[in-house]
Structure formats: structure tokens, C-alpha cells
Amino acid sequence: MAEAPTTPPRKAKPPMSRLMRLSIKVVDRVTDATRRADGTLNRFALSLLDPRVPAISSPCRGVASRDVILDGALRLRARLFHPATTSKSTAPLPVIVFFHGGGFAYLSAASPAYDAACRRIARYASAAVLSVDYRRAPEHRFPAPYDDGIAALRFLDDPKNHGHPTPLDVSRCFVAGDSAGGNIAHHVARRYASDVASFRNIRVAGLIAIQPFFGGEERTASELRLDGAAPIVSIDRTDWMWRAFLPPGCDRTHEGANFASPAAAAGLDSQAFPPVLLVIGGFDPLQDWQRRYGEMLKSMGKDVRVVEYPDAIHAFYVFPGFDDARDFMIRIAKFVAESASGGSSS
């Protein structure tokens, strides 16, 4: 007697409201529709979907912001957030150099979600946040965003570029980012570490890697298990992003995707490579790559502090409705305070 065909188990879905799930799905579908057959993006349509919000010089929820030019020749800009100060508060602030997510191709420092997220980080961590509006793919491929990240550090390394209206302590500098921004933050940290002698004032005290976007030719268990079940990240979408970002003809063994590539080793063996706060979500298809990343750094003797949120989707922290988002802000503040003072967290 023939056995009845078995029905494959349904993929687990993250705990979130039906409205949020539907809203994210709509955004995903509409965003995918901006991809053209020739590999380019419809930037005009994206500008309507993701309107830029202006900087606010007067404090909004305790944080003011202004736009600065990092490199006029490259038309490279950033948004600087800083907590409101009182006449009695003149102590220099630590600086977090932040890189937004978006698969190297989407979003910006002025996107509503990232403007709000950087504002929260500045408020919780009592730090200035320099959110870099790096050049995006496919118009600007590897290594453009990494170069822009180093340009941001060079900008801060020059004392003429900070101190107004709030003094900055660049000896307590952090690099941070989520998704593609976490990838960029890692490569900026290792490039800094491989050439630390060329920086006169800045000291990178920590790396905050929030669900960093790494990959390879292999399909990991988490990618296969969560494809189609978890929002924001899918195999089809990430494959397109790698093709848009990596040099033409390169596969995902390239150093831009694969953190273990021999070409990506420079700086990792340096004492100047900073302690890492690595964040992983249980409903992020990229989690297996992120764990391997943390394990690689630990095997090299690096200080890696892993925080896992079992119910978190990719980019969970930009959604204030998630309880984990507030907890993570507290952990960022603790990491900045302890790393800047030379301490260690449990």
C-alpha cells in the first residue's frame, strides 16, 4: 500500500501583529518593483517611497541634528546627531559613526526610519552619532561605501571638523551599522586597524555589528528555513543585492560578501581592531553567517559580545513597537560606556 504523501511542515513565523506583517510585506513588494531588468534601480520611485526628512537644529526628543559635508569632491554627506546640552554640560561626547542598512542599494541617512533610530541611539548612549550617507549600489559598487567610511573617520580625525555646537571626544569613537551597514562598519574597523598610524586623534573603541549582512555561495540552514517566512530578507532579494554591489563577474566568495576571504584579513590581527558587540535575531535568515562571523573573530582572540534576540526579525530595532528594540538601545549605551572607559561587560 502506497504511503500518503507527507505535507512539509509550515515554516515558523515571527511573533508580530498581522498589521505589521502586512505593512512590511507591502513595502518589500513595492521596493522589489523598483528593480529594473538591466540591474539598475528606479531612484525616482524610491524617492517617493522613502522621502528624506530634514535635519532639525533645535532639539527633538532631546536630540538635535545637522547635515555636514565629509568630502566635497565626492559629494559625501553625513547627518550629525547630538543630545541637547545645558549650559553646565560641556563635556565632550563619544562619537558613533553609523552606517544605515538597505542592502548597499536602498535607504539613506535621511530616511525616516534611520533618522529616528539614530536619534534614539544618541539619546540612550549620550553620544554624538555621525550617520554617513555613503554612496550606494548599483551606481557605486565595492569598495565605495568602505572608502566613504574611512573618509568619515578622516573627517573626525581633523579637530577643525568638530566642536560646534557640541565638543566631540574622538578618542572614544565607535563604528556601527545594521545589515549592509554592519558589513561596512566591520570593513571600516579593519581598514582603520590596518592603518592606525595614519590617524592622529581618532581611536576606534568599539564595533557595533547589528545583524550584519554577510554571505557566501553556500545556502545556510537559516537561509533555507526562513526564506519566505521571515520579512525583509529573502534569498532572491539578497542575491540581487550582492550582484548590484560586488564588482561585475564576482561571486559571493568575494571579500565584500565573505568575511573569511583571505583578501578581507588585513587589520584583523591588529591590536587596534576593536571589541565587537554582535547582535543576532532568531528570525533573521542571515543569522548563520553572523554566528560564523562572531566565531571567526573569537578564534582570533578578539573580544566579541554576542546578544541574541530569539524573536527578532531583521532590522527589528528600527521598529520601536518591539520590546527588544528598547532593550537593545540600553545594551548599546552600556557597551559605549564600558568600552569608552576601558571596561568590559558580561
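Any value given below was found using the heavy atoms of this structure, including those in side chains, with hydrogens, waters and symmetry copies removed. Not measured: the values here are computed from a predicted model.
Contact check for Pro138 versus Arg243: no side-chain heavy atoms found under the 4.5 Å cut-off. Side-chain contact between Ile313 and Phe319 is present, with at least one heavy-atom pair separated by less than 4.5 Å. Side-chain contact between Phe155 and Asp71 is absent, with no heavy-atom pair separated by less than 4.5 Å. Using a 4.5 Å heavy-atom cutoff, the side chains of Pro320 and Arg120 are in contact. Side-chain atoms of Leu153 and Arg191, non-hydrogen and from C-beta on, never get closer than 4.5 Å to each other. Ser339 is listed as a side-chain neighbour of Phe174, based on a closest heavy-atom distance under 4.5 Å. Within the 4.5 Å cutoff, the side chain of Gln287 has heavy atoms near those of the Gln290 side chain. A heavy-atom distance below 4.5 Å is found between the side chains of Asp50 and Pro112.
The aromatic ring centres of Phe213 and Trp242 sit less than 6.0 Å apart. Taking the six-membered ring for Trp, Phe322 and Phe316 have ring centres at least 6.0 Å apart.
Side chain of Asp227 to backbone of Ile235: a donor-acceptor contact under 3.5 angstrom is found. Checked by atom type and distance alone, the side chain of Thr220 never pairs as donor or acceptor with a backbone atom of Asp288 at under 3.5 Å. Using a distance-only test at 3.5 Å, with no hydrogens or angles considered, no donor-acceptor pair links the side chain of Arg136 to the main chain of Tyr106.
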Ring pair (Phe, Tyr, Trp, His ring centres under 6.0 Å) for Phe259 and His186? Distances and angles first, verdict last. CA-CA 9 Å; Phe259 52 79; His186 164 75; 7.5 Å; no
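Of the charged side-chain nitrogens involved, at least one lies within less than 4.0 Å of a carboxylate oxygen, so that Asp239 and Arg219 count as a salt-bridged pair. Between Arg35 and Asp32 a salt bridge is recorded (basic side-chain N to carboxylate O distance below 4.0 Å). Between Asp28 and Lys25, none of the side-chain N atoms (NZ, or NE/NH1/NH2) sits under 4.0 Å from a carboxylate O, so this pair counts as no salt bridge. Classification of Asp133 and Arg52 as a salt-bridged pair holds, one side-chain N sitting under 4.0 Å from a carboxylate O.
Under the 4.5 Å side-chain heavy-atom criterion for grouping Ile, Leu, Val, Met, Phe, Trp and Tyr, Leu80 is connected to Tyr124 within one hydrophobic cluster. Residues Val129 and Val53 do not share a hydrophobic cluster, clusters being chains of Ile/Leu/Val/Met/Phe/Trp/Tyr side chains in contact below 4.5 Å. Taken together through direct or relayed side-chain contacts under 4.5 Å among Ile, Leu, Val, Met, Phe, Trp and Tyr, Met296 and Phe214 form part of one hydrophobic cluster. Residue Val336 is grouped with residue Ile330 when hydrophobic side chains (ILVMFWY) are merged at heavy-atom distances under 4.5 angstrom, including chains of intermediate members. Connection of Val304 to Met300 is established within a shared hydrophobic cluster, with ILVMFWY side chains joined at heavy-atom distances below 4.5 Å, either directly or through further cluster members.
Taking CD from Glu223 and CG from Asp284, the interatomic distance works out to 9.5 Å, rounded to the nearest 0.5 Å. Note: Phe273 CZ to Asp303 CG = 10.5 Å, rounded to the nearest 0.5 Å. Atoms CZ and CZ, on Arg119 and Arg61 in that order, are 9.0 Å from each other to the nearest 0.5 Å. Distance CD1/Ile208 to CZ/Arg305: 10.5 Å, rounded to 0.5 Å.
Taking the six-membered ring where the residue is Trp, Tyr134 and His100 present parallel rings, their angle staying beneath 30° rather than reaching 60°.
Geometrically, Arg292 engages Trp289 in a cation-pi contact, judged by NZ or CZ lying under 6.0 Å from the ring centre and within 45° of the ring axis. Cation-pi contact between Arg154 and Phe199: present, with separation from the ring centre below 6.0 Å and deviation from the ring axis of at most 45°.
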